[in-house]
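Inspection log for the structure reproduced underneath, given as structure tokens.
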Amino acid sequence: MIDVQVLRTDPDRVRASQAARGESVELVDQLLAADEARRGAISRFEQLRAEQKDLGRQIPKASGDERAALMARTKDLADLVKKASAMADELGTAFSRLLEQVGNLVADGVPEGGEDDYVVLETHGEPRDFAAEGFEPKDHLELGQILGAIDVERGAKVSGSRFYFLTGQGAELELALLNLAMSTALRNGFTAMIPPALVKPSAMAGTGFLGQAAQDVYHLEEDDLYLVGTAEVPLAAYHSDEVLDAASLPLRYAGYSPSYRREAGSYGKDTRGIFRVHWFDKVEMFVYCAPEDAAEEHQRLLAWEKEFIDALEIPYQVLELAGGDLGLSAARKYDCYGWLPTQTRYREITSTSNCTEFQARRLNIRSRSERGTSPVATLNGTLCAMTRTIIMILENHQQADGSVRLPAALRPFLGGREALVPVPKR
RNA sequence: GGAGGUGUCGCCUAGUCCGGUCUAUGGCGCCCGCCUGCUAAGCGGGUUUGGGGCUUAAACCCCAUCGCGAGUUCAAAUCUCGCCACCUCCGCCA
């Protein structure tokens, strides 16, 4: 959630942020009114409670009539206190409910607009000219079948649409990518993590996925647990309700976990192959750092993402997303879009968000300084989303005969092999 | 899944049976000061967290906080109920 102090002292900033997100500006006025009401109720309660406590303390010392009189008076007060307390609770809850709807304050310089209003910051590498090479590129699904790497038919048979098996070389490729990603992360000072993929509602809510994003999340009714859509969720909740030693920051974690997404409302979108699926595995970077270092850290996360994509020799662009496309938690977001030859356009492969103190406030993650404790900043970034990365590798490095050249960085993790090669169908 | 036990302000701990100066005890650690040639020891004071008030600021004041929540009561760490986590044993299982 946003800082309540900012709401009180600079409501215009919150209004501007809401406008940049394309969200309700009136909400800010409702919030201010609710805050006022809540604080009034709290102070009325505290006054009454203090009076009640004071009288109550005299009872053990008194005796006889005096005692009876005191008890009668305190009894009346107790009734008032109960009512005042209920009122304060009610108004407090109303305020919180409103506050939770407000997205993070959009960072300065974020482009205005919605999904299509991103700004291309950089372009790296050259898309291959397949015409010049004399063949038509096959798409990842066809290549996956030729290589015996991806089986969507059996995925659908076993689990339904938007499920797949990675088979043979496909499964090996994921493991190689995992090892490359993790070893890169470890070299950069990250701590390797394998987090739970099922989490409690508090973890989901704290990371901001139970708002507008809720329809895209799997929920296990029976156990009231959620399947995470990203390791960001357990990695953020990992330090919830903790006070971190300021000297230990930044804490950098690289988590490998499955990601589950209902993909509600994406019917008919990217239905071919494994571009948009209900489950994929992912190595996610997650950082806790001092708020004043967050912007710089965000650049580092982006740099590590680029380093990884560079190593895979995939042409790509770096986009800065517009305010309307940030999600609830992010103050700023960069996506890397890799070149997809059969679609002749760039498609998302990684995403990194600076959530400033937004998630830390919800999850109660603080660090200690001379001035007491204060929320830390959290950031996340994709290091390697397996299915999308596999798609990019297959399509960009395919050869005329259906084999796929392996980028040099990946070879050590595939027994020195230089290419994935067609296998007989079975 | 079944039975039993435990949960107190960083860590350990007193208090819970029998509700009221508990405004939560003591130790360790940590911080400040004194003392000291230095260090150690010693002495004195401070040290949960969150919210609010008053201040230039600090000091100070108020409310909440004894795993979480609800209830009983004028009054709950203490009594009742529900939940959670951990430990021990049994059952089941990769």
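Naming: A, B, ... by sequence-line order, numbering from 1 per chain.
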Taking the same atom, C1', in B:U8 and in B:U78, what whole-Å distance lies between them?
12 Å
Output side-chain donor-acceptor pairs under 3.5 Å for residues 238-250 of chain A, partner residues at least two apart or in another chain, one line each.
unit_1   : atom_1 : unit_2   : atom_2 : d
A:His239 : ND1    : A:Glu242 : OE1    : 2.7
A:His239 : NE2    : A:Tyr253 : OH     : 2.7
A:Ser240 : OG     : A:Ala237 : O      : 2.7
A:Asp241 : OD1    : A:Asn364 : ND2    : 3.0
A:Asp245 : OD1    : A:Ala247 : N      : 3.1
A:Ser248 : OG     : A:Asp245 : O      : 2.6

Distance to the ring centre below 6.0 angstrom and angle to the axis at most 45 degrees; does that hold for A:Arg261 and A:Tyr218?
no
Exercise: do A:Glu395 and A:Thr342 side chains pair donor with acceptor under 3.5 Å:
yes
So with a 6.0 Å cut-off around CZ of A:Arg13, is the heavy-atom count from everything else above 12?
no
Taking atom P in both B:U72 and B:G53, what distance in whole Å separates the two?
32 Å
State, without any angle test, whether A:Asp335 and A:Ser351 hold a side-chain donor-acceptor pair at a distance under 3.5 Å.
yes
How close or far is atom P of B:C54 from atom CD of A:Gln47, stated in whole angstroms?
13 Å
P-based separation of B:A64 from B:A70 [nearest Å]
14 Å
Quick one: sort the A:Phe190 and A:Trp304 rings into parallel, tilted or perpendicular, breaks at 30° and 60°.
perpendicular
With A:Lys282, the side-chain hydrogen bond (donor to acceptor under 3.5 Å, both in side chains) member among A:Thr382, A:Thr230, A:Thr387
A:Thr230
Without placing hydrogens or testing angles, list every side-chain donor-acceptor pair under 3.5 Å for residues 70-88 of chain A, not counting sequence neighbours.
unit_1  : atom_1 : unit_2  : atom_2 : d
A:Thr74 : OG1    : A:Leu70 : O      : 2.4
A:Asp79 : OD2    : A:Lys83 : NZ     : 3.3

Any strand: nucleotide that pairs with B:C54 via Watson-Crick or wobble, under 3.5 Å:
none
Partner lookup for B:U47, please. Criteria are Watson-Crick or G-U wobble with both distances under 3.5 angstrom; report none if nothing qualifies.
B:G29
Ordered by number, residues from residues 68-82 of chain A within less than 4.0 Å of RNA chain B (heavy atoms) are A:Met71, A:Thr74, A:Lys75, A:Ala78, A:Lys82
Round to the nearest Å and state the distance from A:Glu242 atom CD to B:U49 atom P.
16 Å
So if I apply the ring pair (Phe, Tyr, Trp, His ring centres under 6.0 Å) rule between A:His219 and each of A:Tyr226, A:Phe209, A:Tyr260, which one comes out positive?
A:Tyr226
So which nucleotide does B:A3 pair with, by the Watson-Crick or G-U wobble rule with both distances under 3.5 Å?
B:U88
Mind checking the P distance from B:U13 to B:G67? Whole angstroms is fine.
14 Å
Salt bridge flag under 4.0 Å for residues A:Arg300 and A:Glu296:
yes
Name each donor-acceptor pair under 3.5 Å that joins a side chain in residues 38-51 of chain A to protein atoms two or more places apart or in another chain, with its distance.
unit_1  : atom_1 : unit_2  : atom_2 : d
A:Arg38 : NE     : A:Asp35 : OD1    : 3.2
A:Arg38 : NH2    : A:Asp35 : OD1    : 2.6
A:Arg49 : NH1    : A:Gln52 : OE1    : 2.8

Work out how far the P atom of B:U25 is from that of B:A77, and round it to whole angstrom.
14 Å
Identified pairing partner of B:C81, criterion: Watson-Crick or G-U wobble below 3.5 Å:
B:G69
I'd like the P distance from B:C61 over to B:A24, given in whole Å.
13 Å
Set out, line by line, the N/O atom pairs under 3.5 Å between protein and nucleotides 50-53 of chain B.
unit_1 : atom_1 : unit_2   : atom_2 : d
B:G50  : OP1    : A:Arg366 : NH1    : 2.8
B:G50  : OP1    : A:Thr373 : OG1    : 2.0
B:G51  : N2     : A:Glu46  : OE2    : 3.2
B:G52  : OP1    : A:Arg8   : NH1    : 3.0
B:G52  : O3'    : A:Arg39  : NH2    : 3.4
B:G53  : OP1    : A:Arg39  : NH2    : 2.9

Send over the distance from A:Asp89 CG to B:A70 C1', rounded to a whole Å.
12 Å
Quantified in whole Å, what is the C1' atom distance between nucleotide B:C79 and nucleotide B:C92?
38 Å
Side-chain ion pair, A:Arg252 and A:Glu297, N-O less than 4.0 Å:
yes
Pull out every residue in residues 50-59 of chain A that has a heavy atom closer than 4.0 Å to any atom of RNA chain B, ordered by number, or say none.
A:Ala50, A:Gln52, A:Lys53, A:Gly56, A:Arg57, A:Ile59
